[in-house]
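The next block holds one structure in the form of structure tokens; read it before the comments.
All chains are named by letter (A, B, ...) in the order of the sequence lines, taking the proteins before the strands, and each is independently numbered beginning at 1.
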There are 2 protein chains.
Amino acid sequence: MKQKATLKQIAKELNVSVSTVSKALSNSPEISEPTKKRVQEFAKLKNYKPNNVAVNLKSKRSRTIGVIIPNILNPFFAKVFSGIEKAANDRGYNVITCISNESLEKEVHAMDMLSNGTIDGFILSIAEETQAVGDFKHFKEAISDDIPIVMFDRISDEVNCDKVIVDDFDSAVHAVNHMIKLKCKNIALLSTIDNLSVGKLRAEGYYKALADNNISVNDNITILTDNTEDFDEKLQTLFDKKIDGIFALDEHASVMAMKAAIKKGIKIPDELNVIGFADGVWSRRLTPSLSTVSQHGPEIGDAAANMLIDRLEAKEGEEPEYQTKVIKTELRQRDSTRKL
Amino acid sequence: MKQKATLKQIAKELNVSVSTVSKALSNSPEISEPTKKRVQEFAKLKNYKPNNVAVNLKSKRSRTIGVIIPNILNPFFAKVFSGIEKAANDRGYNVITCISNESLEKEVHAMDMLSNGTIDGFILSIAEETQAVGDFKHFKEAISDDIPIVMFDRISDEVNCDKVIVDDFDSAVHAVNHMIKLKCKNIALLSTIDNLSVGKLRAEGYYKALADNNISVNDNITILTDNTEDFDEKLQTLFDKKIDGIFALDEHASVMAMKAAIKKGIKIPDELNVIGFADGVWSRRLTPSLSTVSQHGPEIGDAAANMLIDRLEAKEGEEPEYQTKVIKTELRQRDSTRKL
DNA sequence: AACATTAACTTTTACGGTTACATAATTTGT
DNA sequence: ACAAATTATGTAACCGTAAAAGTTAATGTT
């Protein structure tokens with residue numbers, strides 16, 4: 001239809017050279033005021049916008065970040081994503097999103113698809129399958145190709161890059177200690193993410209807190225698995241055992257356990273205290289509302305985006321050292337735990 | 001660091017011209033087999049990947065879709081987004097995401113930022129503020145600049161473009177009819193999205209169903225608002241009235257109403273049937289689980305992406321007529337409604 | 001032998017914008 | 001009054017790729 005204005009067209013219509021137009025529009029002092037005004041007004045009239053693709057080609061940077069997320073339906077990732085998007089936009093960057101769907105192949109494919117000038121760097125959380133298989137070649141390749149990566153939440157020590165994490169271990173220790181202070185003696189440990197690095201760290205935090213308080217681990221009230229069906233089945237018999245606390249490492253475990261307890265007629269928080277890792281609005285909407293370890297998703301995203309952009313915009317040779325930033329969690333006490 | 005391979009470099013190292021390399025890599029019949037093999041092998045060795053930005057500049061298309069979403073934390077939008085992302089990827093397109101956060105300004109800014117060759121077309125759902133203000137200039141501008149738009153869910157009749165919607169009106173009629181069949185006489189209408197086009201359509205569906213069944217509207221058991229605090233306040237007194245059914249137009253209204261009813265000791269579904277619009281996993285996790293009008297978010301996204309790409313890839317002059325595609329909803333009967 | 005065809009490359013142009021360098025015109029310095 | 005400096009603009013190279021158009025040499029045709 002109506003083709004868009006280019007420098008060339010404007011130059012021709014104003015009888016000046018392309019470079020004059022270019023300089024006038026970037027307000028270069030090389031161009032006289034009257035000419036600048038003439039060009040700028042004409043450009044505005046024609047609704048001229050520099051073709052971003054051409055600018056990218058010339059400048060060899062796209063001001064675009066590739067974000068690879070395992071699952072956007074997970075509210076934690078959605079929150080982190082919104083933090084990334086906001087921070088990136090504030091600094092003039094766009095965000096290309098790929099969803100790995102926890103698949104190594106999709107992760108590799110996404111990185112491949114974007115590592116050709118399309119993006120300047122990646123922000124990602126490792127797919128479940130990738131963590132299981134332990135194949136991190138694609139990350140290392142990108143980095144050696146000079147495409148920086150910032151990993152968040154699910155990270156790998158094998159890959160040397162910037163990272164943003166939550167202090168999963170400490171958070172778990174803290175949460176479990178809190179339950180012990182509430183006089184819980186038999187705290188069940190529930191997880192459907194035992195395949196993930198974060199899941200393992202949280203479990204270790206639980207063990208640490210028990211050990212610190214001389215409480216022995218009871219395998220009977222421990223459900224560690226990596227799939228929800230398996231979990232739901234094992235959950236059936238959990239309440240046959242003596243339990244006065246539940247520490248759940250992910251949202252599914254938290255909610256299903258609460259639901260099951262309510263069904264059994266167990267009084268929460270009087271007979272049973274529950275703390276879970278959760279990020280959705282739903283922990284508040286549950287009846288009773290769930291006390292959670294809140295991970296500050298948006299802050300994680302914000303930190304990751306800023307870390308990446310700082311590196312991208314660092315002068316050659318002045319790139320900062322790789323760092324791992326820890327975002328503090330917060331224990332949000334709601335109605336599923338007694339007040340101290 | 002290690003700079004990436006370009007056609008020029010490969011050409012120099014193999015002592016052929018750039019175009020020979022280009023053609024060899026695209027398997028052109030103009031190039032002899034031995035040369036092709038030599039070039040292709042060398043390119044593979046050097047891990048050559050065509051610079052996407054250069055290709056985009058040359059071809060004047062970016063194979064990238066701009067997606068503008070009001071709020072990614074809303075599970076409906078997250079589902080639609082995942083549908084878009086998948087369909088786009090399957091057809092070799094990337095997705096740049098912007099979150100308007102329900103703000104007109106951010107929506108305009110996002111479109112501006114991307115309408116310069118960065119993307120080939122938009123998929124979007126109109127921001128709340130934009131619908132309130134009724135300012136659709138930015139959409140019309142994009143379309144007249146030959147950047148196609150596909151709107152989903154929140155659309156505007158004022159803008160002539162492809163659209164994907166749910167049959168909100170019919171879905172509501174159907175759901176309310178179902179409740180009437182369950183012998184509900186006093187069905188409350190609850191909404192916190194009365195400012196949105198979809199909210200209004202659903203409310204109209206409710207009125208239609210009542211009218212069809214000769215039930216008069218009772219304003220005492222109707223809460224139509226556009227903010228959650230106002231809603232929560234009005235909800236306090238709702239259960240003082242005689243109610244045997246609740247039809248909730250959004251997730252917040254659904255959940256808060258159920259929570260309040262349970263607190264009052266009202267038996268669901270025996271004394272009260274509840275149907276709500278909801279998309280998260282949580283309708284299933286509620287106790288009792290919530291019967292919902294499911295909107296098939298991923299299908300909406302899939303349809304939108306394919307509609308856009310079909311238009312983008314249509315031959316000049318052979319673009320299809322603008323169409324509005326309606327995705328059927330489904331009434332998912334769970335435990336908050338009696339069985340017929 | 002004279003010319004047409006074809007295979008296999010190379011040269012050139014183009015995409016749209018930026019920018020180092022060149023040139024012309026004007027002003028300043030002495 | 002004439003060289004030097006300054007101002008204002010133009011020319012051309014470049015980013016990396018694609019492809020139209022041009023070149024060369026070998027083969028085929030009559």
Establish, from distance only, whether the side-chain atoms of [X] and [Y] form a donor-acceptor pair under 3.5 Å.
X: A/Ser22; Y: A/Ser19; answer: no
X: A/Asn306; Y: A/Asp302; answer: yes
X: B/Asn52; Y: A/Thr118; answer: yes
X: A/Gln40; Y: A/Tyr48; answer: no
X: A/Ser32; Y: A/Thr35; answer: yes

At 4.0 Å (heavy atoms only), tell me whether [X] reaches a base, stays on the sugar-phosphate, or touches nothing.
X: A/Val53; result: nothing
X: B/Thr20; result: base
X: B/Thr35; result: sugar-phosphate

Atom-to-atom span, [atom1] of [X] to [atom2] of [N] - whole angstrom:
X: A/Lys60; N: D/dT17; atom1: NZ; atom2: P; value: 10 Å
X: B/Lys49; N: D/dT17; atom1: NZ; atom2: P; value: 12 Å
X: B/Asn56; N: D/dC15; atom1: CG; atom2: P; value: 18 Å

Calculate, to the nearest 0.5 Å, the distance between atoms CD1 and CG belonging to B/Ile96 and A/Asn94 respectively. 4.5 Å
Output the distance between atom CD1 (A/Ile69) and atom OG1 (A/Thr97), rounded to the nearest 0.5 Å. 7.0 Å
Are A/Glu129 and A/Lys106 close enough for a salt bridge, meaning some N to O gap below 4.0 Å? no
Which two nucleotides bound the region of DNA chain C that has atoms under 4.0 Å from heavy atoms of chain A, read 5' to 3'? C/dC15 to C/dC21
Toward the 5' end of DNA chain C, which comes first, B/Leu57 or B/Ser32, by nearest nucleotide? B/Ser32
Which nucleotides of nucleotides 18-24 of chain D have their base under 4.0 Å from a protein heavy atom (B), which only their sugar-phosphate (S), and which neither (-), written as one string 5' to 3'? BBBB---
